[in-house]
Amino acid sequence: MSEMTEQPKKSLNFIETLVEEDIRDGKNGGRIQTRFPPEPNGYLHIGHAKAICMDFGIARDYNGVCNLRFDDTNPVKEDVEYVDSIMEDIQWLGYQWGNVYYASDYFQQLWDFATDLIKRGLAYVDEQSAEEIAKQKGSPTVPGTESPYRNRPVEESLELFNKMNSGEIAEGAMVLRAKVDMASPNMHFRDPIMYRIITDHPHHRTGYTWKAYPMYDFAHGQSDYFEGVTHSICTLEFEVHRPLYDWFIDQLKNDDYRPRQIEFNRLNITYTVMSKRKMLQLVQEGLVRGWDDPRMPTLCGLRRRGYTPEAIHNFIEKIGYTKYEGIIDVSLLEHSAREILNSTATRVSAVLDPVKLILTNYPEGQTETVTMVNNPEDENEGTHEAPFSKELYVERDDFMEDAPKKYFRMTPGQEVRLKGAYIVKCTGCKKDADGKVTEVYAEYDPETRSGLEGSSRKVKGTIHWVTVADSVSAEVRLYDRLFAVENPAEEKDKDFRELLNPDSLKVLNNVKVEPWLKNAKALDNFQFQRIGYFNVDPDSTPENLVFNRTVSLKDSWAKANK
Ligand code: ATP
Ligand code: MG
């Protein structure tokens with residue numbers, strides 16, 4: 001590319017800066033390899049998207065490769081259902097991995113390395129209980145106490161380590177620990193546990209072959225090393241684990257290559273939870289409809305809600321990567337979706353709370369066709385046609401019998417434009433015995449049809465409508481925040497389930513939409529004019545249309561950040 005045509009380079013985040021330094025210094029021969037390492041114990045959420053965009057983005061931008069590695073070292077919680085959904089979600093975001101790896105593929109290599117560490121006097125089998133071990137840990141300012149098993153003969157540890165894996169030893173009776181430094185100011189150096197026994201849960205790939213399972217700290221760095229990862233990017237809570245990560249690599253490596261761990265801030269969002277344990281509880285206890293409930297922060301939930309991959313990427317670009325923990329306002333996520341949907345979603349008419357409007361001077365039995373612009377932001381999106389006739393539905397709150405001065409919609413004596421059609425003057429209404437409005441009346445002005453020569457007369461209000469005869473009934477699901485409090489994780493003295501927002505789902509069953517929507521397909525995005533962005537729920541059928549509200553039109557984030 002010549003200087004002239006080169007795109008202006010966006011400024012680098014701190015991870016890209018470190019990666020570019022490593023390339024400049026010729027580290028690992030300039031090679032770039034990353035991995036995305038989910039544990040297959042749940043569905044991916046928007047926080048994972050942040051990690052995915054980094055891991056795959058670095059590989060893409062620096063001619064490297066990003067592999068997908070399932071961190072499957074805990075058979076108790078893992079399942080193939082999760083493996084499949086994780087793959088689907090990554091591809092939905094537009095990424096493709098180089099290889100698929102499983103930490104469980106390295107069980108033998110890890111075992112061999114652990115055995116080697118025992119032989120070198122750097123690991124030992126400890127027969128104390130978890131409580132005893134915890135008690136001896138000390139605190140950051142008080143050194144720990146050495147285990148009575150710490151200096152047992154190598155042969156004894158080797159024999160017991162084999163027994164830990166053969167089923168002869170009960171769960172919890174023994175662990176393998178690294179022999180590092182019980183007085184280290186870094187708690188992770190105080191003889192960390194490398195292996196534990198799990199006997200009664202088959203592993204989703206290795207079945208009952210293994211009974212001794214490696215801990216995260218022992219498996220993760222070594223897996224990076226076996227694969228040739230150059231940059232192992234993870235979240236900030238692993239920063240304090242990094243010295244141990246490096247210590248194991250030092251014991252393992254026998255060449256110039258070494259993986260480098262870099263940490264960034266985890267994504268937290270207001271009014272939701274992103275712990276897989278808590279999300280699983282919501283699903284299992286039926287507090288949401290499933291992992292893909294549109295109120296969930298999961299990628300499948302957001303997808304069902306009407307978020308597109310572009311909307312997710314837009315959000316991830318806005319939040320960036322730093323070294324500081326924080327919580328992002330959910331209205332920024334919504335704003336990010338709105339920005340994308342505004343330029344892509346087709347405008348349609350839907351009346352959520354219908355009341356009949358009768359144009360008393362419009363010829364009985366007449367129907368005409370009006371042309372609706374699909375997207376005023378993009379001429380290429382074209383137009384579609386909508387029928388217009390004497391009896392229409394409009395929103396109940398677009399009529400007021402006694403309106404205040406600044407009410408520019410329908411009130412007796414006032415003119416309003418029916419979107420894409422005529423100016424009408426409201427003449428009155430009919431009410432039932434309870435005083436509820438059942439019909440609104442107006443007279444139309446045939447000279448004012450939109451697009452007609454000389455129809456430039458202006459009125460202050462424009463309202464949307466559908467015809468009574470041709471409109472289609474639909475169900476609309478209105479979603480609100482899943483939790484009633486800003487940061488559910490922070491309310492330590494309450495069970496998070498008590499903090500759920502009881503009004504997070506409201507179902508409207510009598511919505512009227514324009515007939516053109518009959519052909520809409522699952523997940524198609526629309527703007528219901530004047531209301532918000534909606535998409536077609538997978539539950540929808542041509543006979544029973546179902547829409548989800550993705551976001552309303554009102555942008556609280558933009559308003560607060562003007
Ligand atoms: P949980 O603790 O809820 O099980 P996890 O962090 O253990 O979640 P993993 O499947 O281990 O989930 O995560 C895979 C990758 O995604 C890791 O590199 C992790 O750091 C990253 N990740 C997970 N949650 C977030 C988040 N909220 N923001 C950014 N990255 C995240
Ligand atoms: Mg994890």
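Note that ligands are numbered from 1 as they come in the structure, with each ligand's atoms numbered from 1 the same way.
Which parts of ligand 1 touch Ser275 is read off a 4.0 Å heavy-atom cut-off, strictly below it: atoms 3 (O). Less than 4.0 angstrom separates some heavy atom of Thr235 from each of these atoms of ligand 1: 19 (C), 20 (O), 29 (C), 30 (N), 31 (C). Every atom of ligand 1 is numbered from 1 in the order shown, and the set under 4.0 Å from a heavy atom of Phe36 is 15 (C), 16 (O). Shown in contact with Leu267 at under 4.0 Å from a heavy atom are these atoms of ligand 1, numbered in order with element: 26 (C), 27 (N), 28 (N), 29 (C). Close approach to Pro37 involves these atoms of ligand 1, each under 4.0 Å from a residue heavy atom: 14 (C), 18 (O). Against a heavy-atom cut-off of under 4.0 Å, Pro38 is close to the following atoms of ligand 1: 10 (O), 14 (C). In summary, the atoms of ligand 1 found under 4.0 Å from a heavy atom of Glu39, numbered by their order in the structure, are 9 (P), 10 (O), 11 (O). For ligand 1, the atoms closer than 4.0 angstrom to any heavy atom of Phe264 are 29 (C).
A donor-acceptor contact closer than 3.5 angstrom links the side chains of Asn265 and Thr322. Side-chain atoms of Arg295 and Ser504 form a donor-acceptor pair, as typed in the model, at a separation below 3.5 Å. Under 3.5 Å, the side chains of Tyr62 and Glu20 contain a donor-acceptor pair of N or O atoms. Ser343 and Glu377 form no side-chain donor-acceptor contact under 3.5 Å, judged by distance and modelled atom types alone. In this structure, a donor-acceptor pair under 3.5 Å is absent between the side chains of Asn535 and Asn525.
Ranked by closest heavy atom to atom 9 (P) of ligand 1, the top entry among Met279, Lys276, Arg266 is Lys276.
Note that Arg35 lies outside the cation-pi zone of Tyr101, set by a 6.0 Å cut-off to the ring centre and a 45° limit from the axis.
Aromatic pair Phe534/Phe526: ring centres not closer than 6.0 Å. Between Tyr321 and Phe14, the distance from one ring center to the other does not fall under 6.0 angstrom.
Annotation: Gly47 places an N or O atom under 3.5 Å from an N or O atom of ligand 1; distance criterion only.
Ligand 1 has His45 within reach: a non-hydrogen atom of the residue lies less than 4.0 Å from it.
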